[in-house]
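Structure first, then comments.
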Number of protein chains: 2
Amino acid sequence: MTRALLMSSSRKDNLGYLEHADRQLRTILDGTSRKVLFIPYAAVSFSYDTYEALASPAFIAADAELTSVHRFDDPVAAVNDADVIAVGGGNSFALLNRLYEAGLVDAIRDRVTGGHASYIGWSAGTNVATPTIRTTNDMPIVEPPTLTAIGLVPFQINPHFIPGKPQGHNGESREERLLEFTEINPTEDVLALYEGGALLVDGTDGEILGEHDALVFTHGATPADLGRNRRFPLTDLKGPVN
Amino acid sequence: MTRALLMSSSRKDNLGYLEHADRQLRTILDGTSRKVLFIPYAAVSFSYDTYEALASPAFIAADAELTSVHRFDDPVAAVNDADVIAVGGGNSFALLNRLYEAGLVDAIRDRVTGGHASYIGWSAGTNVATPTIRTTNDMPIVEPPTLTAIGLVPFQINPHFIPGKPQGHNGESREERLLEFTEINPTEDVLALYEGGALLVDGTDGEILGEHDALVFTHGATPADLGRNRRFPLTDLKGPVN
């Protein structure tokens with residue numbers, strides 16, 4: 001019985017860190033101890049202390065309490081004791097690499113899919129909750145042992161989705177990148193979440209939260225809207241063949 | 001005696017495919033047979049035939065002839081017979097994965113570092129010429145066996161360098177991404193090439209070609225200009241410790 005809130009971004013418009021997500025956080029925190037174990041491993045150019053201080057206020061505002069895993073001697077034991085695990089954004093490759101170094105990929109998967117802990121992720125923390133980080137927007141600044149990740153949902157997610165090309169940008173648009181993904185992986189769909197949006201996972205069902213519908217990229221098809229605020233079976237989207 | 005032309009991009013301003021690079025191509029082709037073996041493996045959403053037809057005209061304009069490796073039964077033998085090898089842009093992960101599948105990573109490295117063939121790369125074709133593809137701008141849509149690449153130069157290159165953030169873009173700027181790279185890899189520099197720019201490699205020396213100086217990102221320092229049109233020892237830039 002997996003319960004997870006997979007958010008696109010930590011920021012929306014001019015709001016503060018996770019400030020847009022207050023209702024989403026309250027939804028996933030309801031019925032838990034509200035004591036949240038924070039995984040700050042996606043931070044690259046600032047300290048884990050700084051990251052904990054940055055992420056805390058939004059959780060305090062939602063009547064919860066955040067403690068970073070770097071304050072524990074044994075990260076695996078900390079995960080095994082947690083009933084809410086929050087994985088913050090930053091660089092997905094650094095995050096996944098450090099999760100493997102600490103032995104947390106299997107530990108988090110077991111704890112969350114076993115129904116013992118709820119999972120909250122944003123940005124890179126959402127990327128690592130999918131089968132692999134092959135739909136991250138980040139630079140691969142470090143090489144993890146594999147791109148295979150925690151896999152709380154059976155399909156890929158692309159966070160920070162922005163349609164079209166910014167002015168003066170000569171690279172591919174995001175749509176082009178995701179269509180390339182479906183071209184080379186024709187049996188897999190990608191759920192694209194706009195900034196401020198989220199996927200709420202409740203067992204085998206999902207629900208899009210936020211102000212926008214999500215988009216589903218499927219091989220050979222025009223990207224399709226996935227309406228918000230209604231439950232759908234997670235298996236509506238195709239994932240890697242295991 | 002490695003000879004290589006590592007270009008940032010296939011396009012510049014409103015010019016046609018590789019049209020801006022006519023002088024750069026002539027420089028690297030001088031003294032060769034001008035028969036170029038083309039590696040189209042970075043193409044994802046269009047065919048190798050189409051890619052060969054797209055890349056050919058710029059080589060014909062430089063009095064050379066392009067033949068794609070997919071027209072040969074044995075890609076390794078084709079590389080071992082080539083005296084000019086051109087690796088085109090597209091997706092770096094797809095490119096590197098297919099190079100490994102075809103057994104071409106070692107074959108190209110041996111042929112070029114042995115002084116038997118000159119190497120021409122642009123965009124993803126430049127990424128795979130560095131020690132690893134950890135400074136690509138591309139989405140990791142497929143997982144190669146490793147991010148370790150051909151390694152014709154001892155340091156990382158970031159192609160398509162654009163300073164600052166495009167409007168409406170909430171992600172990191174390129175500078176932020178490359179500074180994160182040097183943060184997590186403090187013993188490694190990154191050479192950033194503006195669109196239209198190139199690194200010409202002649203043995204143990206390099207030279208920046210194009211209209212702009214290049215930029216060197218080093219841990220703990222402000223990015224520094226690397227002036228164009230003058231030779232410098234490649235070892236001026238730090239690479240992965242082997």
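When reading the values below, keep in mind they use all heavy atoms of this one structure, side chains included, and skip hydrogens, waters and symmetry mates. Here is the naming used below: chain letters follow the sequence lines, and residue numbers restart at 1 for every chain. Being a predicted model, the structure only gives us computed values, none of them experimental.
Ring geometry for Y17(B) against W122(B) counts as perpendicular: the plane angle is over 60°, on a 0 to 90° scale with 30° as the lower cut. The aromatic rings of F93(A) and F93(B) lie parallel to each other, their planes meeting at an angle below 30°, with 60° marking the opposite boundary.
Heavy-atom pairs under 4.5 Å with chain A were tallied for P145(B), P140(B), G90(B), S123(B); the largest tally goes to P140(B). Interface summary for chain B: among T146(A), I133(A), N185(A), the most heavy-atom pairs under 4.5 angstrom belong to T146(A). Note: D138(B) leads N91(B), V142(B), D138(B) in heavy-atom pairs under 4.5 Å with chain A.
Residue T132(A): no heavy atom, backbone or side chain, is found under 4.5 Å from chain B. Interface remark: N137(A) contributes backbone and side-chain atoms alike to the contact with chain B (heavy atom separation under 4.5 Å). Using a 4.5 Å cut-off between heavy atoms, L179(A) makes no contact with chain B at all.
Q156(B) and T135(B) are linked by a side-chain donor-acceptor pair at a separation below 3.5 angstrom, with hydrogens and angles left out of the test.
Contact annotation: the side chain of E195(B) never approaches that of H212(B) to less than 4.5 Å [non-hydrogen atoms, C-beta and beyond]. Here the side chains of I141(A) and R134(B) are not in contact, with every heavy-atom distance at 4.5 Å or above.
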